[in-house]
Novice: 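Have a look at this one.
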Amino acid sequence: MPAHDIHSYSNPLESRVSHVELDLAVSFREKKLRGAATLSLAAAGKTLVLDTRDLIILRVNGADSGFALGPPDKFLGSPLTIQLPPGARSVVVEYETSPQASGLQWLEPAQTAGKQHPFLFTQSQAIHARSWIPIQDSPGVRVTYSARINAPLPLTPLMSARIVRPGHFHLAHPVPPYLIALAVGELQFKALSKRCGVWAEPSVLGKAAREFEDTEKMVQAAESLYGAYRWGRYDLLVLPPSFPLGGMENPCLTFATPTVIAGDKSLVSLVAHELAHSWSGNLVTNSTWRDFWLNEGFTTYIERRIQEVLYGRRRSEMEFAIETGELNEEMKGLPAADQKLAIDLTGRDPDDGVTGVPYVKGALLLRRLEEKYGRQRFDAWIRSYFDHFAFQSISSDEFVAFLAKSFPGENVDAWLHQPGLPPDAPRIQYDFGTSPTHAWSTQEWLHWLRAQPADLTPARMSEMDQRWDFTRSGNSEIAAQWLLMAIRAGYQPAYARLEQFLVEVGRRKFVKPLFEALVKTAEGKARAEAIYKKARPGYHPITQTAVDAILR
Ligand code: BES
Ligand code: ZN
């Protein structure tokens, strides 16, 4: 049963949507999707309340009477209340999106690799599906969906679903609305295995396929731990560099930033992460955003387990140790309430609750249970958890109750409801090298760079740069870390690269700390404003919101 969700106006306990049929045309000229959503109802009361945000509702059920659009809330959008006739089985909403839709990014040809054609992609998590589909936009309400997408030639539409035939899609498993996704661009496909492949712009496809060549092995590793992969295909879509995230676990088709294509597979744990969501998140989902850790904590833990199978324990422990260190640093600056796994998001956008806490504290809780009960028992428990709750959305309380069935007396209250790490938290050990060598992995370089003193002089930066060529690094993680240090040190030879990086890359994780560092001095603030003037039009709404808050 859907839980009460403070981030949705919908009324699933009275009337509930169970299937969505989309018929949409893509207009790049108007920056609009236009068409209809036919919503099938599994339960129908007197009214049906849907979530919308900046949608223009043209007609409902072929008439313009019988519905009302409420006033917009900053985070939640507007409720669309539809009067249902007795016995209603479905409703049809004809609508169009607005060019500012928070869940869509419309790219100019210049922002793509090929520079010839525009590009469109959606990002629905957490509550942006409502900006392109009128829907009960709560993770506790699962729907199946089908879609017909009319896109201009020669562009290819793709969705988080099975391709029935070009432009026609179907997802037969029920998913929360935040997993409905669409991308349209000049895209080509390359197979990696029978069920895995990569979609990308033609000029990116070859290197993307090489970078992600281990994908099938990752699926097999996850299956051997947690049971069959249930979604048919597992493909990756490489987006243009303005994609605001690292990755997004859209079913059948993970969306990924091109910034993980480092040339040496050093950043492919992102694929392990998004793939892991095929169990933790897409199969078993948090029923409200308060329990987001059920998605990301399990996923971060499973990401490490997949990584261990493919690349060895040393490598997975290294990444676990690094992220635990980062969590401890981050928590020093977080209010106590945000250090709990079950977070209070009252009055906030759920995107604001995204810190390392649900990810890494969540993963450490599972690691703690693994150590306490042993791998064999705990792996079997996780597998039974996925089978038991498959295709359901659950709360932390349901997790606790299911845990107690297998491990009587187990108490994880402190993890869920107290700030910081409990005294029983595992300590992940890893010995990092201290003198750089060309044999170092990306993660070792990052660890070493982050450990440099805060007061590096431009002269010392220059020495390091001459020795290791950081300013020209083709590895986005290393480049971003180096550019951060360049800002702090006032190291001018890196400024041109900094500007180029910020104008090209819109990944929030990189962009946000760089602007934060820039605004710390008057000179930096002026530069930040000049760069942002050029960069902002190319950023996704998610990244724009983050940087606007810094430069306001
Ligand atoms: N599902 C998340 C992305 C997300 C979280 C979108 C919250 C909107 C709201 C995805 O699985 C994720 O965690 N991506 C990470 C990369 C990952 C390797 C840690 C990212 O994009 O940084
Ligand atoms: Zn994730």
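Just so you know, ligand 1 is whichever comes first in the structure, and atom 1 is the first atom listed for that ligand. All values derive from a computational prediction rather than experimental measurement. The residues of the chain are indexed from 1 along the displayed sequence.
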Novice: Could you go through the ring-ring contact (aromatic ring centres under 6.0 Å, His included) check for F399 and W293 one step at a time?
Specialist: CA-CA 11 Å; F399 158 84; W293 82 273; 5.0 Å; yes
Novice: Check R230 with D387, please: is the shortest side-chain N to carboxylate O separation under 4.0 Å?
Specialist: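 Yes, this pair counts.
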Novice: With sequence neighbours left out, write down each residue that passes side-chain contact (heavy atoms from CB on, under 4.5 Å) with K217, or none if nothing qualifies.
Specialist: D214, L310
Novice: With the Zn ion (ligand 2) as the centre, enumerate protein N/O/S atoms below 2.8 Å in chain and residue order.
Specialist: H273 NE2, H277 NE2, E296 OE1, E296 OE2
Novice: Name the residues in contact with ligand 1, where contact means a heavy atom under 4.0 Å away: which are they?
Specialist: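 For ligand 1, the contacting residues are Q123, Q125, L245, G246, G247, M248, E249, L270, H273, E274, H277, F292, E296, D351, V354, Y359.
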Novice: Can you run down the side chain to side chain donor-acceptor pair (under 3.5 Å) pairs that involve residues 245-256, sequence neighbours left out, and say none if there aren't any?
Specialist: Y234-T254
Novice: Measure from the ring center of F402 to the ring center of W381 and say whether it is less than 6.0 Å.
Specialist: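 Ring centroids of F402 and W381 are less than 6.0 Å from each other.
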Novice: Quick one: does any side-chain atom of S242 pair with a main-chain N or O of Y539 as donor and acceptor, under 3.5 Å?
Specialist: no
Novice: Nearest 0.5 Å, please: how far is OG in S269 from CD in E303?
Specialist: 4.5 Å
Novice: Does E211 come within less than 4.0 Å of K207, counting only side-chain N to carboxylate O?
Specialist: no
Novice: Salt bridge check, R195 against E223: does any charged N sit closer than 4.0 Å to a carboxylate O?
Specialist: yes
